[in-house]
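In what follows, every chain begins at residue 1, and chains take the letters A, B, ... in the order their sequences are listed.
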Number of protein chains: 2
Amino acid sequence: MSAQHPSNAVNFCQACAVRNRAICADLDREEIELLNAIGRRKTISPGEQLLWEGDEAVFVANVIHGILKLSTHSAEGKEQILGLAYPSDFLGRPFGSTTPYSVEALTEVQVCLFQRADFDRFAREHPRLEHKLLERTLTELDRTRRWMLLLGRMNAEQKLASFLLETADRLQPATCSFVAEGDASVIELPLTRQQIADVLGLTIETVSRQFSRMKNEGLIAIPSRRGVELRDRQRLEVIAI
Amino acid sequence: MSAQHPSNAVNFCQACAVRNRAICADLDREEIELLNAIGRRKTISPGEQLLWEGDEAVFVANVIHGILKLSTHSAEGKEQILGLAYPSDFLGRPFGSTTPYSVEALTEVQVCLFQRADFDRFAREHPRLEHKLLERTLTELDRTRRWMLLLGRMNAEQKLASFLLETADRLQPATCSFVAEGDASVIELPLTRQQIADVLGLTIETVSRQFSRMKNEGLIAIPSRRGVELRDRQRLEVIAI
DNA sequence: CGAGTCTTTGAAGCCCTTCAAGCGAAGTGG
DNA sequence: CCACTTCGCTTGAAGGGCTTCAAAGACTCG
């Protein structure tokens with residue numbers, strides 16, 4: 001537990017990995033001090049849960065590093081993953097009473113955690129923060145709506161191609177593993193096959209079959225369980241459109 | 001064309017039907033004057049389009065009355081409806097360069113239209129408005145994510161039941177047609193069968209078959225093409241969960 | 001190594017789509 | 001006023017893609 005007492009707290013924000021990308025980016029030195037005082041760092045292990053769907057909304061958080069999944073369940077217990085959260089993303093539901101989805105760490109994760117009440121108060125008093133949060137929420141809404149097209153109108157092949165391309169894009173800035181040949185790139189999937197199925201609204205068997213098919217067609221290579229090499233980005237893009 | 005010249009404009013906002021529900025609700029008299037000056041009323045007929053997917057984001061708007069659909073297209077031309085906009089809802093993409101979806105009127109519609117540049121400037125200078133917009137965007141994001149569960153994990157029957165219940169809920173405050181018996185209620189669908197299919201990620205035939213099936217099972221009655229009576233709300237809710 | 005978990009592969013079945021045709025209400029023109 | 005067209009909706013039949021059920025293979029970690 002890395003809780004900090006404001007009085008003698010180090011100012012973590014100064015050296016924060018997402019200082020320039022998260023919603024706190026536009027705050028000045030003084031504001032950062034205040035925000036630093038109400039937040040605390042927390043480390044979460046893969047599989048650990050941070051927020052519970054339906055719970056009273058007590059916490060909000062910034063992702064500093066690692067990847068988390070946001071998910072909900074149908075009545076029959078089928079999971080639907082609503083999205084993934086990457087570094088600098090914001091988690092939780094400010095200005096609301098209940099958390100609308102569960103949040104679970106997929107990798108080793110570090111977040112900057114706030115009591116929602118503290119955060120709400122701070123946000124209302126600092127329009128620059130609210131503005132950043134608004135921009136981020138609007139972007140997230142755009143992304144979520146694009147995902148609706150995937151869920152509603154794509155077949156399994158298109159869904160997996162889209163997923164691989166988007167994952168590669170979102171992983172890029174984090175890993176910074178640029179390859180000289182523009183085409184080939186290896187990514188480390190943050191999800192199991194089952195979780196990929198839950199993202200795409202498919203079953204694990206269908207996902208596995210699509211992986212095999214793409215491998216046989218030379219679209220991808222599968223060096224390890226979690227590793228995927230996009231061997232033919234162009235054709236993947238044509239499939240995903 | 002109901003464009004207003006600021007100098008001699010009537011203040012429409014004072015008597016606006018959504019004055020207390022839209023994002024302008026918290027503004028004071030002076031702020032409303034300013035907002036009134038940069039906005040104008042516009043009437044749109046069913047089938048007319050207000051925003052085009054991919055276009056430069058020039059306009060944003062508040063819905064005053066009527067219903068619109070937000071939609072996008074897959075590469076093969078299949079439509080996916082991303083959501084419906086009802087009175088007091090906000091349309092368009094502030095602080096962004098391109099409109100991420102098309103917007104088309106389903107009924108006779110009246111909106112309060114703003115040049116995006118004007119609106120962005122006003123919003124940045126009036127945190128109360130930005131706060132309202134943030135709350136609305138967060139709510140919309142929650143709703144959109146719930147819809148992902150529908151698209152990804154529900155079968156045709158569950159999808160249609162969910163759609164009918166949500167439509168009944170969102171239509172309620174507008175029509176205010178409360179029936180003494182808590183159970184029965186007739187709604188006027190704002191969508192054709194094809195459009196319902198596009199909302200639910202189904203084909204028109206499947207939607208039609210589900211309507212027929214629900215009618216035969218006594219869940220609903222279909223007094224006219226657009227009319228639906230929810231005869232057994234409880235059972236519909238059990239199906240939709 | 002052996003237990004457990006994750007993944008792959010096969011076979012059968014079902015739900016939804018696709019293709020096709022018919023129905024019914026509204027509108028048009030002779 | 002009634003043929004004729006049009007448009008939205010319904011219904012049927014066949015096919016396909018994904019799911020379900022089942023089992024075996026592959027990797028991980030004590």
Side-chain angles (χ1 to χ4, degrees), chain A residues 45-47 69 74 76-81 104 106-108 150-164 188-217 219-228 239, chain B residues 46-47 69 74 76-81 104 106-107 150-164 188-217 219-228 239:
Chain A
S45 304
K69 72 173 165 86
S74 79
E76 297 119 23
K78 287 181 194 166
E79 183 167 18
Q80 174 66 51
I81 294 185
E104 182 187 315
L106 295 175
T107 64
E108 195 72 20
L150 176 142
L151 288 174
R153 290 298 183 203
M154 287 188 184
N155 63 26
E157 182 187 32
Q158 296 171 312
K159 284 179 176 181
L160 186 57
S162 299
F163 170 78
L164 291 174
E188 173 89 1
L189 296 174
L191 301 170
T192 65
R193 295 285 187 273
Q194 179 61 59
Q195 288 167 334
I196 295 173
D198 293 336
V199 170
L200 302 178
L202 298 168
T203 59
I204 183 174
E205 296 93 333
T206 303
V207 171
S208 181
R209 275 185 255 270
Q210 287 300 327
F211 264 105
S212 301
R213 220 188 41 67
M214 285 187 178
K215 187 180 70 179
N216 293 335
E217 303 222 333
L219 286 165
I220 59 172
I222 309 178
S224 68
R225 280 195 169 174
R226 294 297 189 98
V228 178
I239 292 169
Chain B
K69 72 173 164 84
S74 79
E76 296 117 25
K78 287 181 193 164
E79 182 167 20
Q80 174 66 50
I81 294 184
E104 183 187 314
L106 295 174
T107 64
L150 175 143
L151 289 174
R153 290 297 183 205
M154 288 188 184
N155 62 27
E157 182 187 34
Q158 296 171 312
K159 285 179 177 181
L160 186 57
S162 299
F163 170 77
L164 291 174
E188 173 89 2
L189 297 173
L191 301 169
T192 65
R193 295 285 187 273
Q194 180 60 60
Q195 288 166 335
I196 295 173
D198 293 335
V199 170
L200 301 179
L202 298 168
T203 58
I204 183 175
E205 295 93 334
T206 302
V207 171
S208 181
R209 275 184 255 270
Q210 288 299 327
F211 264 105
S212 301
R213 220 187 42 67
M214 286 186 179
K215 187 180 71 181
N216 293 336
E217 302 221 334
L219 286 164
I220 59 172
I222 309 178
S224 69
R225 281 193 168 175
R226 294 295 189 99
V228 178
I239 292 169

Looking for any heavy atom pair under 4.0 Å, which part of the strands does Thr206(B) touch: base, sugar-phosphate only, or nothing? base
Tell me whether Glu188(A) is salt-bridged to Arg226(A), with the criterion being a basic N under 4.0 Å from an acidic carboxylate O. no
Atom-to-atom span, CG of Leu202(A) to C1' of dT20(D) - whole angstrom: 14 Å
Using a heavy-atom cut-off of 4.0 Å across all strands, would you classify Ser212(B) as base, sugar-phosphate, or nothing? sugar-phosphate
Of Arg209(B) and Leu191(B), whose closest DNA chain D nucleotide lies nearer the 5' terminus? Leu191(B)
Name the nucleic acid region contacted by Thr192(B), choosing base, sugar-phosphate or nothing; use a 4.0 angstrom heavy-atom cut-off, strictly under. sugar-phosphate
Atom-pair distance (CZ on Arg225(B); C1' on dT6(D)), nearest Å: 11 Å
What integer distance in Å separates Ile204(B):CD1 from dC19(C):P? 15 Å
For Met214(B) and dC9(D), what is the distance between atoms CE and P respectively, to the nearest whole Å? 17 Å
Would you call Arg213(A) and Glu157(A) a salt bridge, taking side-chain N to carboxylate O under 4.0 Å as the test? yes
Strictly by modelled atom types, are Glu205(A) and Gln210(A) linked by a side-chain donor-acceptor pair under 3.5 Å? no
Asp198(B)/Lys69(B) ion pair, N-O < 4.0 Å: no
Output the rounded distance in Å from CG (Asn216(B)) to P (dT10(D)). 12 Å
With nearest nucleotide decided by heavy atoms, which residue, Thr203(B) or Arg226(A), maps closer to the 5′ end of DNA chain C? Arg226(A)
Write down the distance between CG (Leu200(B)) and C1' (dT17(C)), rounded to a whole number of angstrom. 15 Å
Using atom CZ of Arg193(B) as one end and atom C1' of dT10(D) as the other, report the distance to the nearest whole Å. 9 Å
Any side-chain to backbone donor/acceptor pair from Ser162(B) onto Gln158(B)? Under 3.5 Å, distance only. yes
Would the base of dC21(D) count as contacting Glu205(A) through its side chain, where contact means a donor and an acceptor less than 3.5 Å apart? yes
Rounding to a whole Å, what distance do you find between Arg213(B):CZ and dT11(D):P? 13 Å
Is any side-chain N or O of Gln195(A) under 3.5 Å from a base N or O of dC6(C), one able to act as donor and the other as acceptor? no
